[in-house]
Novice: 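One structure follows; several queries about it will come next.
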Amino acid sequence: MEAVILENLSDGTTMVSGKLCMTDAKGHFVPVNLIKPADKLQDEVVRKVMGYADEISAQIARFRAHTMQDLDGYDQLLDQEYGVKVGGKKGNRTYQSFDGLLRVQVSVNDFIDFGPQLQTAKLLIDEYLNELTADSPEQIQALITEAFNTDKAGKIDVAGIKKLKRLQIEDPRWKDAMRAIEDAERVNYSKQYVRFYRRASIEDQWQAVTVDLAKA
């Protein structure tokens with residue numbers, strides 16, 4: 001006979017054919033009286049904590065949205081005052097209270113990846129290295145290996161690539177490789193961060209006002 005599910009309760013239990021059950025990780029209904037007390041207690045604690053976490057997360061999301069609305073509104077007033085046409089999103093900027101004791105910083109980080117030109121750059125670099133003597137600088141070889149190694153997600157080491165671009169090497173193939181890297185570089189997405197600071201007096205160092213739960 002097929003089980004009749006009458007009600008899903010907010011405490012994680014479900015009434016099935018007149019029996020109070022809980023759903024296990026495999027999706028099976030397990031009668032509550034067959035579940036170990038420690039497992040039921042753990043479930044209660046997790047649901048209680050997650051209830052608070054969901055609420056705080058929603059509050060932070062609303063706070064961030066209101067913060068950006070207020071800052072963007074101020075920016076629009078400035079644009080109107082100076083006759084600037086409203087364009088796309090703005091970059092890094094800092095706002096400060098009149099007494100110099102409160103500060104809000106908005107920073108924009110670009111997350112980049114590389115197109116197929118990167119493999120052309122690697123071939124050019126390999127050609128250049130193959131013609132060097134056996135005692136060619138090990139440091140350069142190490143930087144190249146580090147830059148073109150991928151992580152577990154298959155992503156190129158962006159910081160390593162940037163180190164290569166800072167090397168002053170005059171060989172035409174190296175310069176062509178660096179140009180290929182520049183052409184390959186593309187912004188995958190941008191992320192905007194808002195940070196808050198306060199200080200007791202203008203002689204004091206800025207202290208971060210923690211909003212990130214991991215740093216609280």
Novice: Atom CZ in Arg186, atom CG in Asn188: separation rounded to 0.5 Å?
Specialist: 7.5 Å
Novice: Please report whether the ring centroid of Phe196 lies less than 6.0 Å from that of Phe63.
Specialist: yes
Novice: Identify, with sequence neighbours excluded, every residue that meets side chain to side chain contact (heavy atoms under 4.5 Å, CB included) alongside Ile169.
Specialist: Tyr128, Ile140, Leu167, Asp171, Trp174
Novice: Is there a donor-acceptor pair under 3.5 Å between the side chain of Arg64 and the backbone N or O of Val194?
Specialist: no
Novice: Are there more than 12 heavy atoms of other residues, nucleotides or ligands under 6.0 Å from atom OH of Tyr82?
Specialist: no
Novice: Would Gln207 and Gln205 count as a side chain to side chain contact (heavy atoms under 4.5 Å, CB included) if you check the C-alpha gap in whole Å, the side-chain angles of each, and the deciding distance to 0.1 Å?
Specialist: CA-CA 6 Å; Gln207 302 294 323; Gln205 296 292 322; 4.2 Å; yes
Novice: So, does Asp54 use its side chain to make a donor-acceptor pair with the main chain of Gly51 at under 3.5 Å?
Specialist: no
Novice: Is there a path from Met50 to Leu41 through hydrophobic residues (I, L, V, M, F, W, Y) whose side chains come within less than 4.5 Å of each other?
Specialist: no
Novice: With a 4.0 Å cut-off, would you call Glu127 and Lys122 a salt bridge?
Specialist: no
Novice: From Glu185 CD over to Gln117 CD, what is the distance, rounded to the nearest 0.5 angstrom?
Specialist: 11.0 Å
Novice: What about Val106 and Leu78, same hydrophobic cluster or not, with Ile/Leu/Val/Met/Phe/Trp/Tyr joined at side-chain heavy-atom distances under 4.5 Å?
Specialist: yes
Novice: Could you check if a side-chain atom of Cys21 sits within less than 4.5 angstrom of a side-chain atom of Val30, using non-hydrogen atoms only?
Specialist: no
Novice: What I'd like to find out is whether the side chain of Val108 reaches to under 4.5 Å of the side chain of Lys191, using heavy atoms alone.
Specialist: no
Novice: After noting the C-alpha distance and the side-chain angles of His28 and Thr23, does the key distance pass the side chain to side chain contact (heavy atoms under 4.5 Å, CB included) rule?
Specialist: CA-CA 5 Å; His28 300 150; Thr23 307; over 6 Å; no
Novice: Between CG of Asp183 and CG of Leu118, what distance do you get to the nearest 0.5 Å?
Specialist: 11.5 Å
Novice: Is there a side-chain contact between Met22 and Ile35 in this structure, where contact means two heavy atoms from C-beta onward sitting under 4.5 Å apart?
Specialist: yes
Novice: Side chains of Asn92 and Ser107: do they bring a donor and an acceptor to under 3.5 Å?
Specialist: no
Novice: State the OG-CG distance between Ser201 and Leu101, to the nearest 0.5 angstrom.
Specialist: 7.5 Å
Novice: Do Ile161 and Phe114 come within less than 4.5 Å of each other through their side chains, counting heavy atoms only?
Specialist: yes
Novice: State whether the number of non-hydrogen atoms from other residues, nucleotides or ligands found under 6.0 Å of Lys162 atom NZ is greater than 12.
Specialist: no
Novice: Under 6.0 Å from the NZ atom of Lys19, do we count more than 12 heavy atoms belonging to anything else shown?
Specialist: no
Novice: Taking only Lys NZ, Arg NE, NH1 and NH2, and the carboxylate oxygens of Asp or Glu, determine whether Asp176 and Arg173 approach each other closer than 4.0 Å.
Specialist: no
Novice: Could you check if a side-chain atom of Gln96 sits within less than 4.5 angstrom of a side-chain atom of Leu102, using non-hydrogen atoms only?
Specialist: no
Novice: Tell me if the OH atom of Tyr193 is crowded by more than 12 foreign heavy atoms within 6.0 Å.
Specialist: yes
Novice: Are the charged groups of Asp11 and Arg47 less than 4.0 angstrom apart, N to O?
Specialist: no
Novice: Pairing donors with acceptors under 3.5 angstrom, does anything connect the side chains of Thr67 and Asp70?
Specialist: no
Novice: So do the side chains of Arg103 and Thr94 get within less than 4.5 Å of each other, counting heavy atoms only?
Specialist: yes
Novice: After noting the C-alpha distance and the side-chain angles of Arg93 and Tyr95, does the key distance pass the side chain to side chain donor-acceptor pair (under 3.5 Å) rule?
Specialist: CA-CA 7 Å; Arg93 53 207 194 271; Tyr95 307 84; 2.5 Å; yes
Novice: Taking the side chain as every heavy atom from C-beta outward, state whether Arg195 and Val104 have any atom pair closer than 4.5 Å.
Specialist: no
Novice: Can you tell me how far the CD atom of Gln80 sits from the CG atom of Asp75, to the nearest 0.5 Å?
Specialist: 11.5 Å
Novice: Would you indicate whether Leu77, at its atom CG, is surrounded by more than 12 heavy atoms from other residues, nucleotides or ligands within a distance under 6.0 Å?
Specialist: yes
Novice: Show your reasoning for whether side chain to side chain contact (heavy atoms under 4.5 Å, CB included) applies to Leu20 and Met15.
Specialist: CA-CA 5 Å; Leu20 193 62; Met15 193 68 70; 3.9 Å; yes
Novice: What verdict does the side chain to side chain contact (heavy atoms under 4.5 Å, CB included) test give for Val209 and Tyr197, after you've listed the backbone C-alpha separation in whole Å, the side-chain angles of each residue and the deciding distance to 0.1 Å?
Specialist: CA-CA 5 Å; Val209 177; Tyr197 302 88; 5.8 Å; no
Novice: Identify the two heavy atoms, one from Ala180 and one from Ala121, that lie closest to each other, and give their separation to 0.1 Å.
Specialist: CB-CB, 3.9 Å
Novice: Can you tell me how far the CG atom of Asp79 sits from the CD atom of Gln76, to the nearest 0.5 Å?
Specialist: 7.5 Å
Novice: Quick one: does Lys175's side chain get under 4.5 Å of Glu170's, heavy atoms only?
Specialist: yes
